[in-house]
Student: 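This is the structure, below, for whatever I ask next.
Chain letters run A, B, ... following the sequence lines, proteins first, then strands; residues in each count from 1.
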Amino acid sequence: MEENSKKRFYITTPIYYVNDVPHIGHAYTTIIADSISRFKKLAGYEVFFLTGTDEHGQKVEKSAAERGLKPIELADIVVGRFKSLWKALNINNDYFIRTTQPIHEKGVQIIFQKLKDKGDIYKGVYKGYYCVSCENYLSEDIPLEEGGVKICPDCKEKAGVVSEECYFFKLSSYQKILLDFYEKNPAFVRPPSRMNEVVSFVRHGLKDLSITRTTVEWGIPVADDPGHSIYVWFDALNNYVTGIGYGWNQELFKKFWPADVHLIGKDILRFHAVFWPAFLMAAEIPLPRTVVGHGWWLKDETKMSKSRGNVLDPHSILNTFGADSLRYFLLREIPIGLDGNFSHEGFIHRVNSDLANDLGNLVQRILTMIGNYFGGRIEEIDKENERDKRLRLEFNSVKEIVFRHYENYAINKALEEIWIYINSVNKYLAENEPWKLAKDKSQKMRLGRILYQAAAALRAIAYFVFPVMPESAEKIWNYLGEENPINREFFSDVQFENFVLGQHIKVPEPIFPRVKLKDFIKEKTQNVHHGKEEKMETITFDEFKRLDLRVAEILKAERVEGTDKLLKLEVDIGTERRQMVAGIAQEYSPEELVGKKLTVITNLKPAVIRGIESQGMILAGELEGKAVIPFFTEDIPAGSKVR
RNA sequence: GGCGGUGUAGCUCAGUCGGUUAGAGCAUACGGCUCAUAUCCGUAGUGUCGGGGGUUCAAAUCCCUCCACCGCCA
């Protein structure tokens, strides 16, 4: 009974399309969800946090084909990228759903069938403007040109009317029920301004929705009519139920459904606030409690887009600042719902000022003083005076306000409140000047009280920032000598006095080093310069190990006839001799290469170049298009492993 | 074109069931401290509260109108 009555909380992000490179927008949504989920856990909820990937559709099919891959192979690669980004960002999701998983596909088919049996899904004919070169129907809102054609926004080609047999969902019959639902649940969509948009959209009338295609191979087939595959939204939205067990783990599903929060970007509001509830009503599944739409991040005041080439890659920031600074910035800068502007100047400014100067420096000064004046251990302290008491009492109100803000997903305000307290502690130190008391031995107990008070406040601060900055919070926690994990304590149990005397305080390293804009920009532009194609994703050591890199000795080298760049090399890789073709003839003559030792990759799939099979590849630096080979200067036998 | 929103200090914004000299952070200037990451603390400002008109003893706040920008829809 006790176990069953535990408060539960289910939060989702959208599933991200695998025909996309992970960028700051994905990171933003997922970071919000992660912070809310961490907070809810502290608040005593049993939490399920779901994210994942949307992997079907023509675009995936097409990009995979362009790269000589099967769709699932492309999906696997991109899924790896998402997962490694989530890891780098400290995202603690409970499950990662992929729409290509059998559990999902089956669930979607079950729901589809159910609606079909009910008559909410029926077969009809879809008529639309179809762009032949993009193999895609144009969206309805594209204006009609002269001559009864529309212009495809992607390729600018003319698109004529095409019709196709497909299944429709009877969205039109849900207008009234939806409007009733919105009226009874005005907080279903947040922020409220978005709710207005939804209502006015539904008021204007709903058309039935085409939910299958016969032209898309890469999708979930309709079970009893496999020529049709289930189209994007009907497939994707259902991840929210299949991801927690619908159709495969009824117990889990019952435990967490309905979802408390579907966190989404404002661009997909209609699908979540109109179509999704309608699908669920039809399937007789309870509706989610809220759909929270957040804003977009602009880059230097302009919208980020692939075509503009100004899409912000989180890795460049992560490398310099770590996850917590990015998490903090994205959540502190704007309330969920409004758009924000990301500029490197703004980012550095806030991170230096709030994290390095305010919090980081506070941690540093308190811990250093405890180290210097007490050898890291405060044992005995004076009674509280009025000023000390004020700092302790302020904790109580801060705790309450911070809790309330987190509860309302006003994370920016929660942080703002925490920072007011940080300032109070700084002020407390300035007023009490412990460094002066330290010179007078008779003041030791008083000095102890002051530093105890500051450290106790700091412990609370670390706890409060944990949902947003888990790594740094834990660092401070450990510095303070806490032995239990920070998230083992419930929010309601956090007390000022939970910082106990006698704990062994460690010598700190600055947790948020200041970064100069100059240095950041320099590094950023260097990265751009070197990796023009795009920043590479992080790989694991296991992935790295799959490369068989060896020392090779060049035995023979000759020019490839009819080319001026290629050399044919014969190399010794210890166990065997290999033939390799390398584009280095303009930089190196065959004569100077013979006898040299260098690094080659030996398990690269052989390729035929100019009719010659190349059984591996030599590694070389690239400087303005010219190869620069790193030769071994030490004597090392051919075949030695390089790592 | 329809509906909704926004316009307040150099910047980002808070404040509107009408009511004392309109606020915060950042930036700027000056002062203090030296435990601390050149960090921290204090002081000082500056605003025709988008324009105009109206209601009222009293308007950033309510009403009308105009302008600018944004969102959703067509």
Student: Within the 4.0 Å heavy-atom criterion, would you say A:Thr368 contacts the bases, only the backbone, or no part of the nucleic acid?
Tutor: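 Since only primed, P, OP1 and OP2 atoms lie under 4.0 Å of A:Thr368, the category is sugar-phosphate.
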Student: Write down the distance between CG (A:Leu415) and P (B:rG25), rounded to a whole number of angstrom.
Tutor: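 Computing the A:Leu415:CG to B:rG25:P distance gives 17 Å.
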Student: Report the distance from atom CH2 of A:Trp419 to atom P of B:rC13, rounded to the nearest whole Å.
Tutor: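 About 20 Å, once rounded to whole Å.
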Student: Starting at CG of A:Asn423 and ending at P of B:rU39, how long is that distance when rounded to a whole Å?
Tutor: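 After rounding, the reported distance stands at 15 Å.
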Student: Taking the side chain of A:Gln364 as its heavy atoms from C-beta onward, which of B:rC35, B:rC41, B:rA36 lies nearest to it?
Tutor: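 Given the options B:rC35, B:rC41, B:rA36, the side chain of A:Gln364 is closest to B:rA36.
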Student: Considering only atom C1', compute the distance from B:rC49 to B:rG23 and round it to an integer number of Å.
Tutor: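 12 Å, rounded to whole Å.
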Student: With a 4.0 Å cut-off on heavy atoms, is A:Arg350 in touch with a base, just the backbone sugar-phosphate, or nothing at all?
Tutor: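 Nothing, no nucleic acid heavy atom in range.
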Student: If the plane angle is over 60° it's perpendicular, under 30° parallel, otherwise tilted; pick one for A:Trp297 and A:Tyr28.
Tutor: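 Ring orientation of A:Trp297 relative to A:Tyr28: perpendicular.
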Student: Would one find more than 12 heavy atoms of other residues, nucleotides or ligands at under 6.0 Å from atom CD of A:Glu497?
Tutor: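 For A:Glu497, atom CD is crowded (more than 12 foreign heavy atoms under 6.0 Å).
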Student: Measuring only the C1' atom in each nucleotide, how far is B:rU39 from B:rC33? A whole number of Å is fine.
Tutor: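 Per the computed distance, 11 Å lies between those C1' atoms.
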Student: If you look at every strand shown and take non-hydrogen atoms under 4.0 Å, does A:Tyr373 touch a base, only sugar-phosphate, or nothing?
Tutor: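 Sugar-phosphate contact only.
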Student: For the side chain of A:Glu197, starting at C-beta, report the closest nucleotide among B:rC33, B:rC35, B:rC72.
Tutor: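 Looking only at side-chain atoms, A:Glu197 lies closest to B:rC72.
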Student: For the side chain of A:Ala356, counting heavy atoms from C-beta on, which of B:rG42, B:rU37, B:rA36 is nearest?
Tutor: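 Closest nucleotide among those given: B:rU37.
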Student: On a whole-Å scale, what distance lies between the P atoms belonging to B:rC63 and B:rU43?
Tutor: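 Going atom to atom, P in each nucleotide, I get 39 Å.
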Student: Can you say whether the rings of A:His26 and A:His23 are parallel (under 30°), tilted (30 to 60°) or perpendicular (over 60°)?
Tutor: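 Answer is tilted, since the angle falls between 30° and 60°.
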Student: Indicate the ring-plane relationship of A:Tyr122 and A:Phe168, choosing parallel, tilted or perpendicular according to the 30° and 60° boundaries.
Tutor: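 Ring orientation of A:Tyr122 relative to A:Phe168: parallel.
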Student: Is there a side-chain contact between A:Arg514 and the phosphate of B:rU39, meaning an N or O under 4.0 Å from OP1 or OP2?
Tutor: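 The answer is yes; a side-chain N or O of A:Arg514 sits under 4.0 Å from OP1 or OP2.
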Student: Under a 3.5 Å cut-off for both distances, is B:rU55 Watson-Crick or wobble paired, and to whom?
Tutor: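 Matched B:rU55 with nothing under the 3.5 Å cut-off.
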Student: A:Ser353 or A:Met369: which one's nearest nucleotide on RNA chain B is closer to the 5' end?
Tutor: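 Nearest-nucleotide comparison on RNA chain B picks A:Ser353.
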Student: For B:rU61 and B:rG18, measure between their P atoms and round to the nearest Å.
Tutor: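 Rounded to whole Å, the distance is 12 Å.
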Student: Would you measure the distance from the C1' atom in B:rU21 across to the matching atom in B:rG45 and give it in whole Å?
Tutor: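 Approximately 14 Å lies between the C1' atom of B:rU21 and that of B:rG45.
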Student: Between A:Glu431 and A:Asp354, just flag the one whose closest nucleotide in RNA chain B comes earlier from the 5' side.
Tutor: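 By nearest-heavy-atom nucleotide position, the 5'-most residue is A:Asp354.
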Student: Of the nucleotides B:rC40, B:rG42, B:rU34, which one has an atom closest to the side chain of A:Lys436?
Tutor: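 The answer is B:rU34.
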Student: Which of these nucleotides, B:rG42, B:rU34, B:rG4, is closest to any side-chain atom of A:Asn196?
Tutor: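 When the side chain of A:Asn196 is considered, B:rG4 is the closest of B:rG42, B:rU34, B:rG4.
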Student: Roughly, in whole Å, what's the span from CG in A:Asn426 to P in B:rG42?
Tutor: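 For the pair A:Asn426 CG and B:rG42 P, the rounded distance is 9 Å.
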Student: Choosing from B:rU39, B:rG71, B:rC73, which nucleotide comes nearest the side chain of A:Arg194?
Tutor: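 Comparing B:rU39, B:rG71, B:rC73 against the side chain of A:Arg194, the answer is B:rG71.
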Student: Under a 3.5 Å cut-off for both distances, is B:rC49 Watson-Crick or wobble paired, and to whom?
Tutor: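 Base partner found: none.
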Student: Applying the Watson-Crick and G-U wobble criteria at under 3.5 Å, what pairs with B:rG1? Answer none if nothing qualifies.
Tutor: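 B:rC73 is the nucleotide pairing with B:rG1.
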Student: The side chain of A:Asn357 lies closest to which of these nucleotides: B:rC41, B:rC40, B:rC33?
Tutor: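 Output: B:rC40.
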Student: Give the rounded distance in Å between these two atoms: NZ of A:Lys439 and P of B:rC35.
Tutor: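 So the NZ-P distance, A:Lys439 to B:rC35, works out to 6 Å.
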Student: Would you indicate what A:Ile511 reaches in the nucleic acid, counting non-hydrogen atoms under 4.0 angstrom: base, sugar-phosphate, or nothing?
Tutor: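 Base contact.
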Student: Please give the nucleotide sitting opposite B:rC30 as a Watson-Crick or G-U wobble pair, both distances under 3.5 Å, or none.
Tutor: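 Looking at the geometry, B:rC30 pairs with B:rG42.
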Student: A:Asp339 near the nucleic acid: base, sugar-phosphate alone, or nothing, with a heavy-atom cut-off under 4.0 Å?
Tutor: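 Result for A:Asp339 = nothing.
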Student: Could you check whether the rings of A:Trp233 and A:Phe271 sit parallel, tilted or perpendicular, using 30° and 60° as the cut-offs?
Tutor: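 A:Trp233 and A:Phe271: parallel rings.
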Student: Using the C1' atom on both, measure B:rU20 against B:rA59 and round to a whole Å.
Tutor: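 Per the computed distance, 15 Å lies between those C1' atoms.
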Student: For the residue pair A:Phe279 and A:Trp276, does the interplanar ring angle fall in the parallel (under 30°), tilted (30 to 60°) or perpendicular (over 60°) class?
Tutor: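 Rings of A:Phe279 and A:Trp276: perpendicular, as their planes differ by over 60°.
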Student: Give none if B:rC11 has no partner; otherwise give the nucleotide forming a Watson-Crick or G-U wobble pair with it, both distances under 3.5 Å.
Tutor: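 Matched B:rC11 with B:rG25 under the 3.5 Å cut-off.
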Student: Angle between ring planes, A:Phe169 versus A:Tyr174, binned at 30° and 60°: parallel, tilted or perpendicular?
Tutor: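 Parallel: the ring planes of A:Phe169 and A:Tyr174 meet at under 30°.
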Student: Between atom CH2 in A:Trp296 and atom C1' in B:rC70, what is the gap in whole Å?
Tutor: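 Whole-Å distance recorded here is 12 Å.
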Student: Can you tell me how far P of B:rG71 sits from CZ of A:Arg270, to the nearest Å?
Tutor: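 Taking CZ of A:Arg270 and P of B:rG71, I get 15 Å after rounding.
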Student: Rounded to whole Å, how long is the line connecting atom CG of A:Asp267 with atom P of B:rC70?
Tutor: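 Rounding to the nearest Å, CG of A:Asp267 and P of B:rC70 are 18 Å apart.
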Student: If you compare every side-chain N and O of A:Lys266 against the phosphate oxygens of B:rG71 (OP1, OP2), does one of them come in below 4.0 Å?
Tutor: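 It does not, given that no N or O in the side chain of A:Lys266 lies less than 4.0 Å from OP1 or OP2 of B:rG71.
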Student: Output the single nucleotide from B:rC33, B:rC41, B:rU37 whose closest atom is nearest the side chain of A:Asn361.
Tutor: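 Closest of the options to the side chain of A:Asn361: B:rU37.
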Student: What integer number of Å spans the C1' atoms of B:rU37 and B:rC30?
Tutor: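 Rounded to whole Å, the distance is 24 Å.
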Student: Suppose we define a pair by two distances each less than 3.5 Å, Watson-Crick or G-U wobble; what does B:rA68 pair with here?
Tutor: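 WC or wobble partner is B:rU6.
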Student: For the P atoms, the ones on B:rU6 and on B:rA74, what distance do you get once it is rounded to whole angstrom?
Tutor: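 That atom pair is separated by 24 Å.
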Student: Measure from the side-chain heavy atoms of A:Glu433 and tell me the nearest of B:rC33, B:rC35, B:rU39.
Tutor: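 Output: B:rC33.
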Student: Parallel, tilted or perpendicular: which describes the rings of A:Phe321 and A:Phe347, with under 30° parallel and over 60° perpendicular?
Tutor: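 Ring orientation, 0 to 90° scale: perpendicular.
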